[in-house]
Amino acid sequence: MRILFMGTPEYALFALKALVAAGEQIVGVVTQPDKPKGRGYELCPPPVKVYAMEQGLPVYQPATLKNGAFDEELKALAPDLIVVVAYGKILPQTVLDFPKFGCINVHGSILPEYRGAAPMQRAIIDGKTETGVTTMQMAAGLDTGDMLVKVKVPIGENDNFEDIHDRLGVAGAEALTETLARLRAGTLTAIPQDDTLATYAAKIEKADCLLDFSKDARTLHNLIRGLSPFPLAFTCTPDGKMLKVPESRVGEKKAPDGAASGTVLALDNTITVACGNGTTLEILRVLPEGKGRMSAADYIRGRRLSVGDMLG
RNA sequence: CGCGGGGUAGAGCAGCUUGGUAGCUCGUCGGGCUCAUAACCCGGAGGUCGGGAGGUUCAAAUCCCCCCCCCGCAA
């Protein structure tokens, strides 16, 4: 079966590598164009491109797929199936309809929950204890296609985005492998999504990353781990600098009555902050503005905070 | 030329504006106190202050010039 792979970030690599490992006939890899990134705006190839080139797979980086821009290549590649994992662009109907077996997408949630851009982060931020991946037969809407195979994955109370990302990557590869096997065997069943149960995992915005200490510690902890190691939740120190928080834990102690939310209660090896409902949050690692990541203990040693300071 | 921060002891920082014995918190080593301790007390080791047999100066971590490296923001 001639498979065309479309994907861009690290996450897509799990699936692509699984296809390669299974000896699938990958006729090409479509990924986003190189983009200027990092300091100095150096042009950076997406992870999928780097790997595909190492494997000697033909790489395509069309600026757009709209208006038949990619039709010629598509005809030449003549895929029987397109596998899409976090490609980053909407596929026009002409592309969706082109392959005999259509387009199959690997999505990082148990559909119909968390359709959209940031399913993994949103599941963690919402404090879910379980998530997973779903393969689907792609349709025109946003992650609305009929569901094929699901693989569930537990979320531990201290797992962060990276942990879940990697675990879902493995699960996604597994789900894709099974989907292809059943497609060949003719045992694949497509289950329509119940739209009334659908939820939407909106893209993470800067405003989502601001820590609001009037919320309770558990909620803040979920936000912190859901955004770690990227893009990171943050707060502000009394001198107006941004302080990002890669790692935390829910404090065991209660905040004293009358302690305003955001008050620094203790500075030993961690930064203990008063949160909503008398809860406390312990900040374990930080990323000061203009600095690198460091432990809270190291940050405290630099004497940049005092007990009684307000964060937020 | 996208904007900005920084390279001082193993770690995190101060000192640089107003040149003149290199300091703080922690770690580490030794000793003491203690039933005991990651607690407390005393003492010690550890730094060519990123590099340039550069410039200015009686004197440079500090002022000027060149180079290297690291990081944050933004994308």
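A, B, ... follow the sequence lines: proteins, then strands. Residue 1 opens every chain.
Only the C1' atoms considered, C13(B) is 30 Å distant from G54(B), to the nearest whole Å. Across the P atoms, G7(B) and G51(B) are found 13 Å apart, a figure rounded to whole Å. When the P atom is compared between A11(B) and G55(B), the two are found 32 Å apart, to the nearest whole Å. Spacing of C1' atoms, A61(B) relative to U8(B), comes out at 7 Å, to the nearest Å. Remark: the separation of the P atoms in C58(B) and C69(B) is 36 Å, to the nearest Å. Rounded to whole Å, the C1' atom of C66(B) lies 33 Å from the corresponding atom of C24(B).
U21(B) shows a glycosidic angle within 90° of 0 and is accordingly assigned syn.
For Asp97(A), the CG atom is densely surrounded, since the number of other residues' heavy atoms within 6.0 Å is greater than 12. Taking a 6.0 Å sphere around CD1 of Ile90(A), one finds it holds 12 or fewer heavy atoms contributed by other residues, nucleotides or ligands.
Summarising the geometry, the separation between CG on Leu305(A) and P on A14(B) is reported as 14 Å, rounded to the nearest angstrom. Between Lys35(A) atom NZ and A74(B) atom C1' the separation is 15 Å, expressed in whole Å. Nucleotide A75(B) holds its P atom 18 Å from the CD atom of Glu42(A), rounded to whole Å. Spacing between atom OH of Tyr41(A) and atom P of C3(B) amounts to 9 Å, rounded to whole angstrom units. In this structure, Met242(A) places its CE atom 12 Å from P of G72(B), rounding to the nearest Å. The distance between atom CG of Leu232(A) and atom P of C73(B), rounded to the nearest whole Å, is 8 Å. Regarding Arg301(A), its CZ atom lies at a distance of 14 Å from the C1' atom of A9(B), rounded to whole Å. For the pair Arg39(A) CZ and G6(B) C1', the interatomic distance rounds to 11 Å; values are reported in whole Å.
Judged by distance alone, the side chains of Thr134(A) and His107(A) never bring a donor and an acceptor atom under 3.5 Å apart. Inspection of the Asp126(A) and Tyr114(A) side chains reveals an N or O donor paired with an N or O acceptor under 3.5 Å.
Heavy atoms of Lys241(A) sit nowhere under 4.0 angstrom from any nucleic acid atom.
Among the candidates Asp208(A), Thr131(A), Thr199(A), the single residue satisfying the side-chain hydrogen bond (donor to acceptor under 3.5 Å, both in side chains) test with Arg122(A) is Asp208(A).
Side-chain proximity of Lys37(A) to C73(B), A75(B), G12(B): nearest is A75(B). Closest contact between the side chain of Leu287(A) and the listed nucleotides A75(B), G72(B), G12(B) involves G72(B).
Nucleotide C3(B) is matched to G72(B) when pairs are restricted to Watson-Crick or G-U wobble geometry with both distances under 3.5 angstrom. Remark: U56(B) base-pairs with no nucleotide in the shown strands. Criterion, Watson-Crick or G-U wobble with two distances under 3.5 Å. The nucleotide A11(B) finds its pairing partner in U25(B), both defining distances of the Watson-Crick or G-U wobble pair being shorter than 3.5 Å. Pair assignment for A61(B) gives none, since no Watson-Crick or G-U wobble pairing has each distance under 3.5 Å. Across all strands shown, A39(B) remains unpaired; no Watson-Crick or G-U wobble contact has both distances below 3.5 Å.
Taking hydrophobic clusters as Ile, Leu, Val, Met, Phe, Trp and Tyr residues chained together by side-chain heavy-atom distances below 4.5 Å, Val83(A) does not share a cluster with Leu111(A).
Each of Asp298(A) and Arg303(A) was assigned the nucleotide of RNA chain B with the nearest heavy atom; the assignment lying further toward the 5' end belongs to Asp298(A). Residue order along RNA chain B, read from the 5' end via each residue's closest nucleotide, puts Glu289(A) first among Gly38(A) and Glu289(A).
The side chain of Lys291(A) places an N or O atom within less than 4.0 Å of a non-bridging phosphate oxygen (OP1 or OP2) of C13(B).
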